[in-house]
Amino acid sequence: MNCPAASPVIEPEWLSRPAPEVAPDLVGCTLVRQFADGNVLRGVIVETEAYAPGDPAFHAYRGRSPRNWIVFEQAGHAYVYLIYGMYHCFNVVTDRTGIPSAVLIRALQLETPPPGIDLPPAQLHRVAAGPGKLCRVLQIDLTDNAQVLQPGGRFWLEHRLPAMQELLEQQPLHLVQTTRIGLTKGVDTPWRWYLKQSPAVSKP
DNA sequence: TTGGCGATGCTG
DNA sequence: AGCATCGCCAAT
């Protein structure tokens with residue numbers, strides 16, 4: 001047996017905080033995707049954005065709707081939506097029930113090549129750089145909306161590996177905070193975080 | 001290296 | 001009408 005190291009699973013309670021607190025903490029953690037055939041693909045989260053109550057850029061800004069209802073539910077669910085008619089975006093629902101909050105996962109650093117994709121090994125770090133590309137490579141679509149994030153399911157989250165935790169504790173400037181991308185409202189709210197020097201970030 | 005634009009379909 | 005995107009192509 002030659003199992004890769006894995007950190008403890010992230011529980012819903014850990015996610016039951018405001019999105020602007022959870023989003024930076026999720027950088028460096030691992031998102032695990034289990035496909036229908038049982039195969040598992042994992043990637044380190046290298047870029048996140050927070051969306052919270054009162055935020056005009058948030059889908060839930062004008063209240064509950066058939067699309068966004070899940071972000072009002074308990075922390076630890078997936079919120080998946082279609083954007084520009086052709087891409088999907090994957091979010092982690094955070095905070096308490098009734099408080100709409102979500103963290104958009106914008107980029108992953110994959111640890112192994114994704115299934116069914118031939119690519120130059122040098123390009124591995126680009127295939128999940130961006131929220132739409134991430135969902136394409138993880139085969140995420142609207143059927144994944146409202147899934148519970150838990151081991152054995154389609155997705156779960158794992159805490160930072162010790163080396164990553166040490167890096168961010170000793171070099172906190174490696175976690176960069178800046179403004180969000182692709183918005184027309186809330187453009188000045190600094191709720192995007194990314195891992196400095198990661199080649200897999202969508203926009204360094 | 002940067003900037004503009006079209007694809008494409010759901011949302012409120 | 002607008003959109004939490006992406007990749008192509010032109011201009012620099």
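Reminder, nothing fancy here: chain letters follow the sequence lines and each chain counts from 1.
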Study note, to complete from the structure: With the side chain defined as heavy atoms from C-beta on, A:K133 is closest, among C:dG7, C:dC3, C:dA4, to C:dG7
Exercise for review: Between B:dG12, B:dA7, C:dA4, spot the one nearest the side chain of A:S65, thanks.
Suggested key: B:dG12
Please give, in whole Å, the distance from [N] [atom2] to [X] [atom1]?
| X | N | atom1 | atom2 | answer |
| --- | --- | --- | --- | --- |
| A:R106 | C:dC6 | CZ | P | 7 Å |
| A:D141 | B:dC10 | CG | P | 13 Å |
| A:Y79 | B:dC10 | OH | C1' | 11 Å |
| A:N91 | C:dC3 | CG | P | 17 Å |
| A:M86 | C:dA4 | CE | P | 15 Å |
| A:I83 | B:dA7 | CD1 | P | 17 Å |
| A:L104 | C:dT5 | CG | P | 8 Å |
| A:L142 | B:dG9 | CG | C1' | 11 Å |

Review point. So which heavy atom on A:H174 is nearest to which on A:Q197, and how close?
Key: CE1-OE1, 3.2 Å
Would you say a side-chain N or O of [X] is under 4.0 Å from OP1 or OP2 of [N]?
| X | N | answer |
| --- | --- | --- |
| A:R136 | C:dG7 | yes |
| A:T184 | C:dC3 | yes |
| A:H59 | B:dT11 | no |

Rounded to the nearest 0.5 Å, what's the gap from [atom1] on [X] to [atom2] on [Y]? Could you check?
| X | Y | atom1 | atom2 | answer |
| --- | --- | --- | --- | --- |
| A:I140 | A:R33 | CD1 | CZ | 6.0 Å |
| A:I181 | A:R106 | CD1 | CZ | 4.0 Å |
| A:N91 | A:S101 | CG | OG | 11.5 Å |

Study note, to complete from the structure: Comparing A:A129 with A:K185, nearest DNA chain C nucleotide closer to 5' gives the residue A:K185
Point to revise | Ion pair check, A:R64 and A:E73, cut-off under 4.0 Å | key: yes
Check your understanding: What is the nucleic acid contact for A:R67, judged by heavy atoms within less than 4.0 Å: base, sugar-phosphate only, or nothing?
Key -> sugar-phosphate
Practice item. Describe the nucleic acid contact of A:G132 in one word from base, sugar-phosphate, nothing, applying a heavy-atom distance below 4.0 Å. Key: sugar-phosphate
**Study point:** Base-pairing mate for B:dT8 - Watson-Crick or G-U, with both contacts under 3.5 Å
**Key:** none
Review point. With a centroid cutoff of 5.5 Å and a plane-angle limit of 30°, would you call A:Y81 stacked on C:dA4?
Key: no
Review point. Using centres under 5.5 Å plus planes under 30 degrees as the test, is A:Y87 stacked with C:dT5?
Key: no
